[in-house]
**Student:** 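Okay, handing you the structure first.
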Amino acid sequence: QVQVVESGGGLVQPGGSLRLSCAASGSIASIGRMGWFRQAPGKERELVGSITTGGSTHYADSVKGRFTISRDNAKNTVYLQMNSLKPEDTAVYYCNAAVIAILSRGSRDYWGQGTQVTVSS
């Protein structure tokens, strides 16, 4: 089995920063792309950004220049550094990982349970 667990959410004032972490564990052979999504109340889940095994990143226009994704392949962990946070960044943030499990035939997307980020004064 494979587990994906996020941490680091919380309440922050506008203009503040937060760092989210996401660790994958279990019967993992390899991990490809890892990414962060978010879902605000009443809205659909949207991509925040993603990172390949080699470190290439992609960001949604709404977070470019404010958010940074990084990963530690040795720890099967991806991070989301969020700076200059705005109230519209308030959402549940989900981690996604494309995992090839041991003894499996291909890659499958695994999701974390989500972590709440609230930006409010």
Side-chain angles (χ1 to χ4, degrees):
Q1 284 190 342
V2 174
Q3 297 82 39
V4 175
V5 179
E6 304 101 336
S7 61
L11 172 65
V12 64
Q13 292 186 343
S17 298
L18 276 178
R19 188 191 194 211
L20 306 184
S21 299
C22 169
S25 62
S27 302
I28 296 172
S30 64
I31 302 178
R33 172 192 45 78
M34 301 183 81
W36 289 95
F37 290 72
R38 67 186 181 185
Q39 187 167 19
K43 295 188 177 181
E44 294 187 353
R45 189 173 298 188
E46 63 176 2
L47 174 69
V48 175
S50 63
I51 185 168
T52 67
T53 304
S56 296
T57 55
H58 168 78
Y59 298 97
D61 288 342
S62 58
V63 306
K64 280 182 181 177
R66 301 188 298 122
F67 290 11
T68 302
I69 295 176
S70 60
R71 67 189 282 173
D72 184 333
N73 291 329
K75 295 181 179 180
N76 291 335
T77 299
V78 63
Y79 305 96
L80 179 64
Q81 177 66 44
M82 304 184 290
N83 299 327
S84 302
L85 282 161
K86 305 174 181 179
E88 51 263 44
D89 293 318
T90 296
V92 178
Y93 283 70
Y94 297 91
C95 175
N96 172 271
V99 177
I100 298 177
I102 294 173
L103 300 180
S104 72
R105 293 187 176 184
S107 176
R108 174 192 159 184
D109 279 349
Y110 287 84
W111 292 88
Q113 80 288 352
T115 185
Q116 177 70 46
V117 172
T118 302
V119 184
S120 175
S121 55

**Student:** Locate the shortest heavy-atom distance separating Ala101 from Ser104; write the atom from each residue and the value.
**Tutor:**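 Heavy atoms of Ala101 and Ser104 come nearest at O-OG, 2.6 Å.
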
**Student:** Please give me the minimum heavy-atom distance between Cys95 and Val4, naming the atom from each residue.
**Tutor:** SG-CG1, 3.8 Å

**Student:** Would Gln116 and Leu11 count as a side chain to side chain contact (heavy atoms under 4.5 Å, CB included) if you check the C-alpha gap in whole Å, the side-chain angles of each, and the deciding distance to 0.1 Å?
**Tutor:** CA-CA 8 Å; Gln116 177 70 46; Leu11 172 65; over 6 Å; no

**Student:** For residues Val92 and Leu18: do they belong to one hydrophobic cluster (side chain heavy atoms under 4.5 Å, members Ile, Leu, Val, Met, Phe, Trp, Tyr)?
**Tutor:** no

**Student:** Quick check: are there more than 12 heavy atoms from other residues, nucleotides or ligands sitting under 6.0 Å from CD of Glu88?
**Tutor:** yes

**Student:** Under a 4.5 Å side-chain heavy-atom rule over Ile, Leu, Val, Met, Phe, Trp and Tyr, are Leu20 and Tyr94 clustered together?
**Tutor:** no

**Student:** Heavy-atom distance under 4.5 Å between the side chains of Trp36 and Ser50, does that happen here?
**Tutor:** no

**Student:** Over all heavy atoms of both residues, which pair between Leu85 and Arg66 is shortest? Give the atoms and the distance, please.
**Tutor:** CA-NH1, 3.9 Å

**Student:** For the residue pair Ser84 and Ser17, what are the closest heavy atoms and their distance?
**Tutor:**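 Between these two residues, the closest heavy atoms are N-OG, 4.4 Å.
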
**Student:** Assign the ring pair Tyr93 / Phe67 to parallel, tilted or perpendicular, where the plane angle (0 to 90°) is split at 30° and 60°.
**Tutor:** tilted

**Student:** Measuring from Arg19:CZ to Met82:CE, what's the distance to the nearest 0.5 Å?
**Tutor:**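 Rounded to the nearest 0.5 Å, the CZ-CE separation comes to 11.5 Å.
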
**Student:** Enter the distance from Tyr79:OH to Asp72:CG here, rounded to the nearest 0.5 Å.
**Tutor:**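 One gets 5.0 Å once the value is rounded to the nearest 0.5 Å.
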
**Student:** Has Glu6 got a side-chain atom pairing as donor or acceptor with Gln113's backbone, closer than 3.5 angstrom?
**Tutor:** yes

**Student:** Report yes or no: does Asn73 contribute a side-chain atom to a donor-acceptor pair with the main-chain N or O of Thr53 at less than 3.5 Å?
**Tutor:**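 Checked: pair present.
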
**Student:** Would you sort out whether Ser7 and Thr115 count as a side chain to side chain contact (heavy atoms under 4.5 Å, CB included), showing the intermediate values?
**Tutor:** CA-CA 6 Å; Ser7 61; Thr115 185; over 6 Å; no

**Student:** Kindly say whether Gly54 contributes a backbone atom to a donor-acceptor pair with the side chain of Arg71 at under 3.5 angstrom?
**Tutor:** no

**Student:** Go through Trp111 and Arg45 one step at a time and tell me if the side chain to side chain contact (heavy atoms under 4.5 Å, CB included) criterion holds.
**Tutor:** CA-CA 12 Å; Trp111 292 88; Arg45 189 173 298 188; 3.3 Å; yes

**Student:** Distance check, rounded to the nearest 0.5 Å: Leu47 atom CG versus Ser62 atom OG?
**Tutor:** 9.0 Å

**Student:** Taking all atoms of both residues into account, what is the closest heavy-atom pair of Thr77 and Ala23, and its distance?
**Tutor:** OG1-CB, 3.8 Å

**Student:** Using the side chain to side chain contact (heavy atoms under 4.5 Å, CB included) rule, take Ser25 and Asn76 through it: C-alpha gap first, then chi angles, then the decisive distance, then the call.
**Tutor:** CA-CA 7 Å; Ser25 62; Asn76 291 335; over 6 Å; no

**Student:** Has Ser107 got a side-chain atom pairing as donor or acceptor with Ile100's backbone, closer than 3.5 angstrom?
**Tutor:** no

**Student:** Measure from the side-chain N and O atoms of Tyr59 to the backbone N and O of Ile69, and report whether any donor-acceptor pair falls under 3.5 Å.
**Tutor:**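 Such a contact is found between Tyr59 side chain and Ile69 backbone.
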
**Student:** Can you tell whether the side chains of Lys86 and Asp89 come within less than 4.0 Å, N to carboxylate O?
**Tutor:** no

**Student:** Quick check for you: to the nearest 0.5 Å, what is the distance between Leu80 atom CG and Met34 atom CE?
**Tutor:**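 One finds 12.0 Å between CG of Leu80 and CE of Met34.
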
**Student:** With clusters defined by side-chain heavy atoms of hydrophobic residues (ILVMFWY) lying less than 4.5 Å apart, directly or transitively, does Ile31 cluster with Phe37?
**Tutor:** no

